Protein chains: 2
Amino acid sequence: MGSTPRNKLPIVISGGGIGGLACALALAQRSFSVIVCEQAPQFGQVGAGLQVAPNALSVLDALGVGQEVKQHALLIERMLMMDGIQGTQVSDIPCGADFVARYGNPYAVAHRADVHGALLKACRATGRLIELRTDSRVIDYVQTDSRVMVMFESGEHLHAAALLGADGIRSNIRRKMLDDGDPKAVGAVIYRALVPASAMPHALQMPYPTLWTGPGAHLIYYPVRDWKEFNVGATVVKPVAGVEEGEASAEEAMQAFEGWTDVPMSVLRLSPSYQRYVIRHRDPVENWSDGRVTLLGDAAHPMVQYIAQGAAMAMEDAICLAQEADLHDDDFPSAFRSYQSIRIVRSARVQLSSLMLDRIYHASGVERLVRNSIFVDRTPTEYYDRLDWVFAPPSYVRDWRSRK
Amino acid sequence: MGSTPRNKLPIVISGGGIGGLACALALAQRSFSVIVCEQAPQFGQVGAGLQVAPNALSVLDALGVGQEVKQHALLIERMLMMDGIQGTQVSDIPCGADFVARYGNPYAVAHRADVHGALLKACRATGRLIELRTDSRVIDYVQTDSRVMVMFESGEHLHAAALLGADGIRSNIRRKMLDDGDPKAVGAVIYRALVPASAMPHALQMPYPTLWTGPGAHLIYYPVRDWKEFNVGATVVKPVAGVEEGEASAEEAMQAFEGWTDVPMSVLRLSPSYQRYVIRHRDPVENWSDGRVTLLGDAAHPMVQYIAQGAAMAMEDAICLAQEADLHDDDFPSAFRSYQSIRIVRSARVQLSSLMLDRIYHASGVERLVRNSIFVDRTPTEYYDRLDWVFAPPSYVRDWRSRK
């Protein structure tokens, strides 16, 4: 890419997470100059595992960091879903050669920091088209026909050609734009920890995620960081009024798994404590753009994590947004309307599908038996048929490099 | 079949609707003697259309009345779903040769009385194995190890080998057995009418059901009775507290369709009045049997009508129950446990799927766009793949005649 920017005023991206960095990289690859404003004192990610589905890997490939991520990630053999009450297998989706042939990429699990780190490294290597700022929290904006004034918590401001809110589920830019209140708690919490692989029983050290489902809870674990650690996440449906985010005891995390078959409890016992997060989301909306300002990722369409597509959707947003900015040249309001109209149905479908998994994972009584009966009989091809819509990369991702 | 019954005490079926008669016929075909007790002064059905899916036709074939029903029914060419706001087609599922080859039967629409009448005629032709009683309302039962005493509203009682509750969504036998309260209103009503075909605009006289969907309501219409009438049903999501069942004005039925494209309103205008029903259901339960007493059809698993499988499930129950009674000879408690364990997951899946159609049919906002985007792109084969589970007859239906 040339290092002479096509835009005089920079594009400001609020938020230096996976979505914000992917967007900076994509825009720079189309010769836009970008300033990424991260509120934290440094660019980084809290430690936790991240599922990287084939559509997410396709974005990373398009941006040129796919190989880097795949080196550090585990390319999983299968996805396994177990019934936590009976201890029996509910579904087994192979992720080998047929899967890769179908979607153009494997399914990976990684540490969140590995994906973020690869994007950050690529942003830094891009040169002067991308400026990375820390301690820089965007709190408001005002726009005219020709520019947007970005306001920072520090009292400073900046004139920009466009402002992108990649500032997460509690987005300040969304609040200013849509004023649609706080995200809604869905009535569930997730307990997360990283467990040293040495503590994990040998029989459970499998090269794929194992998902245990049952009434009102589910547990997933998989190896990260070259098998040095296992990422453990336990989701528990419960009233969240008054529940604080922060450290929780293993006993608290284990409560919902009492009376299940032994494995889930034995895994949860491996960490003395967990980080507790309240799971929140929003219903899909019909608009997330305002002139020269638009949203991406969780700021635009926050979703529960059950389908593990949050980062993937943010990165697809990034490519699509950069493509439309390119095609509409400097007409950002038109570009953002177009970007939004392309992305809204797909991201809403992921939001809605993710929420439906609550019902599937946490089914009890006869509904659980119905769930098992549906899944047990499905062939790999039948699973693939039902996953095409999400795992197959959209055309703007697939064609990103060839259209450059 | 022989006319010498294998059971000394009769099997009593409470309820002479489609499920009760199908069960009487199936049991008689396995040489059981049956008394069907209908509370009404005569056997009959209120006038309304009935969708007869291929799995329902397969039961009717098994019982020997398939041809009779198909003669009077319309074998539909396709199932058409329209978006009521845009006036555009959402899905079109062809029901021609490929469909018939796949499921062994076409999809029919009929008048409810035609299906009921065919079963009644066959019951009457069966001879002394089936006794049909009217004005005979079962209100209670008491059982011992060897028999069940069936109590009638009249004060009479009867000793039976077994008692089957085919007495509908407000089943007395279920109340006695499970005591699980009234069925729950789902928060929707249906307005039903039969419209003379002469009144229906020529352009809307199609040989298939047309389904109009939109925010909070849907409308379906199709020809019945050799194209003499059109069955019209409008479902409207609304608070039902205080809503009475009974006659309603066309204006009331039309309210929810204001602001839609013109066709739904123009169809609803064709009838001066409608019958209003409050839509109710129950969540699936893990048991609906008690010794020599069991339930079938709506008494066992009442469902909303959106998937149009209520009568089909009742008739499948009937065949399965008769098969298990046959295989377990005179051990009715074992037969009923087995029948229930075979039927519970399938009927629960239909209950749950039917309720999910509420969300699909009545979607609004972005969810409606997601719905349309999912359905518009599906091929007939993709639809068939997703309908196999319900439309393909279970083995006990498929093998009914060959196992006799």
Side-chain angles (χ1 to χ4, degrees), chain A residues 83 85 90 178 180 215 281-288 300-303 307 313 340-360 363-379 381-390 392 394, chain B residues 83 85 90 178 180 215 281-288 300-303 307 313 340-360 363-379 381-390 392 394:
Chain A
D83 182 301
I85 304 303
V90 177
L178 303 180
D180 60 349
H281 82 133
R282 290 184 189 275
D283 293 324
V285 290
E286 301 190 39
N287 175 58
W288 66 57
H301 42 63
M303 55 187 66
I307 207 171
M313 286 300 112
Q340 170 178 296
S341 80
I342 293 169
R343 289 295 300 164
I344 207 161
V345 169
R346 178 164 168 81
S347 59
R349 185 171 179 185
V350 174
Q351 283 176 288
L352 297 168
S353 301
S354 199
L355 209 52
M356 281 182 196
L357 287 181
D358 163 62
R359 186 150 178 197
I360 292 172
S364 60
V366 179
E367 194 158 339
R368 184 184 128 245
L369 304 180
V370 171
R371 188 262 324 266
N372 291 356
S373 81
I374 293 172
F375 285 0
V376 159
D377 288 338
R378 275 197 191 151
T379 63
T381 302
E382 285 170 336
Y383 277 110
Y384 296 165
D385 287 347
R386 285 165 174 79
L387 293 167
D388 275 342
W389 71 273
V390 58
Chain B
D83 182 302
I85 304 303
V90 177
L178 303 180
D180 60 350
H281 82 133
R282 290 184 189 276
D283 293 324
V285 290
E286 302 191 38
N287 175 58
W288 66 56
H301 42 64
M303 56 187 66
I307 208 172
M313 286 300 112
Q340 170 179 295
S341 80
I342 294 169
R343 289 295 299 163
I344 207 161
V345 169
R346 179 164 168 81
S347 59
R349 185 170 179 186
V350 174
Q351 283 176 288
L352 297 168
S353 301
S354 198
L355 209 53
M356 281 182 197
L357 287 181
D358 163 62
R359 186 148 179 200
I360 291 172
S364 60
V366 180
E367 193 158 339
R368 183 184 128 243
L369 304 180
V370 171
R371 188 261 327 264
N372 291 357
S373 80
I374 293 172
F375 285 180
V376 159
D377 288 338
R378 275 196 191 152
T379 63
T381 302
E382 285 171 336
Y383 277 110
Y384 297 165
D385 287 347
R386 284 165 174 79
L387 293 167
D388 275 342
W389 71 272
V390 58

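Everything quoted here is computed from the prediction, not taken from an experiment. In what follows, chains carry the letters A, B, and so on, assigned in the order in which the sequence lines appear, proteins first and then strands, with residues in each chain numbered from 1.
For the set B:V370, B:D283, B:V285, the count of heavy-atom pairs under 4.5 angstrom toward chain A peaks at B:V370. In terms of heavy-atom pairs under 4.5 angstrom with chain A, the leader among B:N372, B:I344, B:V366 is B:V366.
Annotation: the span from A:D377 atom CG to B:W389 atom CH2 amounts to 13.0 Å, rounded to 0.5 Å. Going from atom CZ of A:R371 over to atom CZ of B:R349 covers 13.0 Å, rounded to the nearest 0.5 Å. We find the CD1-OG distance between B:I374 and A:S353 to be 6.0 Å, quoted to the nearest 0.5 Å. In this structure, CZ on B:R368 lies 8.5 Å from CD on A:E286, to the nearest 0.5 angstrom. How far CG of B:D385 is from OG1 of A:T381: 10.5 Å, rounded to the nearest 0.5 Å.
A heavy-atom distance below 4.5 Å is not found between the side chains of A:M356 and B:M356.
Using a 4.5 Å cut-off between heavy atoms, B:E382 makes no contact with chain A at all. Using a 4.5 Å cut-off between heavy atoms, A:R359 contacts chain B through its side chain alone, with no backbone atom that close.
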